[in-house]
Novice: 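Following this message is one structure expressed as structure tokens.
Throughout, protein chains are lettered first and strands after them, A, B, ... in sequence-line order, and every chain is numbered starting at 1.
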2 protein chains.
Amino acid sequence: MASEAKEARRAGARRRGQADRRAAILAAAARRFAEFGFEATTVRQIADDVQILSGSLYHHFATKEEMLDDIVRDAVLDQHARALRIASADCEAEVRFVTLIAEELSALAERIEAYAIIFNERKFFRRSAEFAYLIKARKDAFEAWRSVLDDGVREGAFHAGIDSYLTISTIMRMLNSGADWYRHEDGSPLDAMANYSLEALTAFYAGFVLRSVRAAGRTDAPIPGALPRR
Amino acid sequence: MASEAKEARRAGARRRGQADRRAAILAAAARRFAEFGFEATTVRQIADDVQILSGSLYHHFATKEEMLDDIVRDAVLDQHARALRIASADCEAEVRFVTLIAEELSALAERIEAYAIIFNERKFFRRSAEFAYLIKARKDAFEAWRSVLDDGVREGAFHAGIDSYLTISTIMRMLNSGADWYRHEDGSPLDAMANYSLEALTAFYAGFVLRSVRAAGRTDAPIPGALPRR
DNA sequence: GTCTATAAGTAGATAGAC
DNA sequence: GTCTATCTACTTATAGAC
């Protein structure tokens, strides 16, 4: 076997090992940040969790904030892309609206720690110039949701007197504050909410929201299903 | 003038002065805690705000946590008493429900800083034995809200299939997360939400919630007014 | 009641040996 | 890549002078 191939394989393994270590550290950090908060978590605690000394963390990360950024970045950017994609789908506003709710809850369930952190540390993010991208992405996603609601009013599906700013703020806060359903891997729920299945929660929220925003007369129409995920 | 009277007056002034100082410190602390969080605020910052040295704060308070307790205690206990009083009022469940929402929003507006702190530091409170009373009071208030919703279902005003746990969780989170509307005294809103009047917000939330929980057919009935405040 | 001065502990982060 | 050792800064809280 050519020595270049050997060398390449070794380098690959090295990269994988390094990436695994980094991922393990991020997992420990995410868990701590989600449960106790970013500022209340010390780098020593994270290091202890992965059985390493605190100084050694700085071989993988330049600062504690870099860990935070790694944990939340993809979640926020995916959320942004998802909202824009769904908002511009070619179908009735009500279907798009249900899809926004369903996919948001699904993402929240999949990355509950990242979402808990994004929600709980929002004051920190707002103050930090490094995280301006996060605030911007979430604001754009907000506008995408809002445009779907406005489309629905124009189509006559949602009632005309609606305040779209207040309504979307309320709905997004409602969904996002659910990130407190954070559940430990050991199974202990931090909130009784963790006992509900994703399907049950989606049906509940889609119903709760649609009954509120629908035009008079349409209130008892069946709740449409979400668009298929792509 | 009898010297006892003079002495009493002087003692009163002393108490007032001391109480004023204490109140000024608490006001500064509340503002910082609400905007930046309890753990992110240092006693030095609070001391700077009232132009005193950090060590001198400890003449007025034993610990930083005692300040926090002083700020949130009355707000939580009042919230608890209010919920129980309204829940046991002698009238239709829907009227009690609207009253719960109206008075909750009113209290939130009056003590926005305390409410912001209670909401944002909930993980801290949950971990601290000293604040067990707070968790208990809020849990009892939750059950009072829930009993009103259940009464409404029994009366036929609210729809039968409702999950009262999920519904009340959602509504209370929705209202409480609004504590983020925190506005500075200098008038700068931290959130555009601060531009709405209390009356507008109450009408919005009462409508949003009632449309969701009402029984089929009752959806377009007028929203009842809240009970008079006593 | 506020000051000066400081204790005792912990934070995030770094340098260099192995 | 992790360890040992440590730096600098900052934390809450205290002691005693004024």
Side-chain angles (χ1 to χ4, degrees), chain A residues 7 10-30 32-33 35-71 117 121 124-125 127-131, chain B residues 7 9-30 32-33 35-71 117 121 124 127-131:
Chain A
E7 181 49 42
R10 227 183 267 128
R14 212 181 304 125
R15 265 197 303 280
R16 244 192 325 284
Q18 193 165 347
D20 286 355
R21 202 85 187 100
R22 199 183 154 94
I25 294 166
L26 283 178
R32 291 263 180 196
F33 293 167
E35 188 169 358
F36 304 105
F38 174 69
E39 289 167 314
T41 299
T42 71
V43 293
R44 281 175 172 83
Q45 291 168 331
I46 298 167
D48 286 352
D49 288 346
V50 296
Q51 285 166 313
I52 208 177
L53 286 197
S54 66
S56 305
L57 288 180
Y58 289 87
H59 176 76
H60 301 275
F61 301 94
T63 65
K64 187 182 161 191
E65 282 198 18
E66 191 185 306
M67 294 186 211
L68 179 60
D69 189 72
D70 256 45
I71 292 165
I117 295 163
E121 310 299 331
F124 178 83
F125 292 133
R127 283 198 304 276
S128 164
E130 255 204 273
F131 288 100
Chain B
E7 181 49 41
R9 222 164 10 124
R10 226 182 269 127
R14 213 181 303 125
R15 266 197 303 277
R16 246 192 323 285
Q18 192 165 346
D20 285 357
R21 204 83 186 98
R22 199 182 154 94
I25 295 167
L26 283 177
R32 291 263 178 197
F33 293 167
E35 188 168 358
F36 304 106
F38 174 70
E39 290 167 314
T41 299
T42 71
V43 293
R44 268 175 240 271
Q45 289 168 331
I46 298 168
D48 285 351
D49 289 345
V50 296
Q51 286 167 311
I52 210 177
L53 287 196
S54 64
S56 305
L57 287 180
Y58 290 86
H59 176 76
H60 301 275
F61 301 93
T63 65
K64 188 181 160 190
E65 281 198 19
E66 191 185 307
M67 294 186 211
L68 179 61
D69 189 71
D70 256 43
I71 292 165
I117 294 163
E121 309 300 330
F124 178 83
R127 282 198 304 276
S128 164
E130 256 203 90
F131 287 101

Novice: Tell me, which pairs form a ring pair (Phe, Tyr, Trp, His ring centres under 6.0 Å) where one or both residues lie in residues 40-67 of chain A, sequence neighbours left out?
Specialist: none

Novice: Establish, with yes or no, whether the OP1 or OP2 oxygen of C/dT2 is under 4.0 angstrom from a side-chain nitrogen or oxygen of B/Arg21.
Specialist: yes

Novice: Is any side-chain N or O of B/Arg44 closer than 4.0 Å to OP1 or OP2 of D/dT11?
Specialist: yes

Novice: Ignoring hydrogens and angles, write down the donor-acceptor pairs under 3.5 Å from the side chains of residues 36-48 of chain B, residues two or more places apart or on other chains.
Specialist:
{"residue": "B/Thr41", "atom": "OG1", "partner": "B/Arg32", "partner atom": "O", "Å": "3.4"}
{"residue": "B/Thr41", "atom": "OG1", "partner": "B/Gly37", "partner atom": "O", "Å": "2.8"}
{"residue": "B/Thr42", "atom": "OG1", "partner": "B/Gln45", "partner atom": "N", "Å": "3.2"}
{"residue": "B/Gln45", "atom": "OE1", "partner": "B/Thr42", "partner atom": "N", "Å": "3.0"}

Novice: Where do A/Ile117 and A/Ala30 come nearest, in terms of heavy atoms and distance?
Specialist: CD1-O, 3.6 Å

Novice: Round to a whole Å and report the spacing from CD of B/Gln45 to P of D/dC10.
Specialist: 11 Å

Novice: Rounded to whole Å, how long is the line connecting atom CD1 of A/Ile25 with atom C1' of C/dG12?
Specialist: 16 Å

Novice: Just to be sure I understand the geometry, which residues of residues 46-61 of chain B put a non-hydrogen atom under 4.0 Å away from DNA chain D?
Specialist: B/Gly55, B/Tyr58

Novice: If you round to the nearest 0.5 Å, how far is CE of B/Met67 from CZ of B/Phe33?
Specialist: 6.5 Å

Novice: Mind calculating the distance between NZ (B/Lys64) and P (D/dC10) to the nearest angstrom?
Specialist: 16 Å

Novice: Counting heavy atoms from C-beta on, name the nucleotide in D/dT6, D/dT12, C/dT2 closest to the side chain of B/Val43.
Specialist: D/dT12

Novice: Compare every heavy atom of A/Val50 with every heavy atom of A/Ala24, then report the nearest pair and how far apart it is.
Specialist: O-CG1, 3.6 Å

Novice: Once you round to the nearest 0.5 Å, how far does CZ of B/Arg21 lie from OG of B/Ser56?
Specialist: 9.0 Å

